[in-house]
Amino acid sequence: MLAVQAQGSEIRTVEGLATDGVLDILQACFHKHHALQCGFCTAGILMSATELLAANSEPDESIVRDVLSGHICRCTGYQNIVAAILDAASQLRERASDAGNN
Ligand code: FES
C-alpha cells in the first residue's frame, strides 16, 4: 500500500500492542509457543492475528491458516503460530467471560 492510500486511516503497528512494556495476550502466546518468524513476518502476522481476533473470537484452524495465507513468507508450516493464535483466542474468550461474570 502506498502511504497516501492510508491517509485519514488509523495506523497501528506491532510496537503498539504491548502496554507499558507488558506483552498483550497474543504476544505472550507467541512467546509461549515459540511462534517466531523473521522480524518482518512476526510483526505482520501479529497485526493480522490481532485484527482476526478482534473480528472473530472463535476462529478455527482453517480460518487462522486462511489469514496467514495473506503473508508472503513460506518459511514454515506455521504450526506454532496457529497454536499461539488459537491459544490467544481461548484466553481472550476466558477473559471476556470472567469480565461478564464480575
Ligand atoms: Fe520472514 Fe519467512 S520468516 S520471510
Side-chain angles (χ1 to χ4, degrees):
M1 161 183 284
L2 299 173
V4 70
Q5 293 174 294
Q7 187 172 4
S9 299
E10 178 186 0
I11 308 263
R12 297 183 67 204
T13 66
V14 72
E15 288 81 6
L17 295 180
T19 303
D20 295 328
V22 177
L23 300 180
D24 74 357
I25 288 176
L26 181 61
Q27 290 174 303
C29 286
F30 267 58
H31 184 265
K32 172 183 167 186
H33 291 275
H34 308 287
L36 303 175
Q37 295 297 118
C38 77
F40 296 104
C41 295
T42 303
I45 291 170
L46 279 166
M47 298 314 292
S48 293
T50 294
E51 191 64 27
L52 167 65
L53 297 178
N56 182 349
S57 64
E58 296 190 55
D60 61 19
E61 181 174 341
S62 69
I63 291 171
V64 170
R65 288 192 179 277
D66 184 55
V67 167
L68 293 174
S69 72
H71 292 266
I72 294 172
C73 169
R74 297 292 180 265
C75 295
T76 178
Y78 298 130
Q79 192 58 45
N80 291 3
I81 292 170
V82 170
I85 294 170
L86 294 174
D87 188 6
S90 174
Q91 290 188 37
L92 288 166
R93 286 193 303 274
E94 285 179 28
R95 175 189 276 184
S97 176
D98 289 347
N101 292 331
N102 292 329

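Here the structure is a predicted model, which means the values were calculated and not measured. Here, residue 1 is the first one in the sequence, and each next residue gets the next number. Each ligand, and each atom within it, is numbered from 1 in the order the structure gives.
- Of the possible donor and acceptor atoms, none in the side chain of Asp66 sits under 3.5 Å from a partner among the backbone N and O of Ser62.
- Between the side chain of Ser97 and the main chain of Arg93, no donor-acceptor pair closer than 3.5 Å is present.
- Under a 4.0 Å criterion applied to the non-hydrogen atoms of Gln37, ligand 1 contributes the atoms 3 (S).
- Among the atoms of Cys73, none of the N, O or S atoms falls under 2.8 Å from atom 1 (Fe) of ligand 1.
- For atom 1 (Fe) of ligand 1, the N/O/S atoms of Cys41 include one lying under 2.8 Å.
- Under a 3.5 Å cut-off, the side chain of Ser9 and the backbone N or O of Ile11 do not form any donor-acceptor pair.
- Proximity to Cys38 (heavy-atom distance under 4.0 Å) selects the following atoms of ligand 1: 1 (Fe), 3 (S), 4 (S).
- Once rounded to the nearest 0.5 Å, the distance linking OG1 of Thr42 with CZ of Phe30 reads 7.0 Å.
- Of all protein heavy atoms, the one closest to atom 2 (Fe) of ligand 1 is Cys75 SG, 2.3 Å.
- Counting heavy-atom neighbours within 6.0 Å of Glu51 CD, excluding the residue itself, gives a total of 12 or less.
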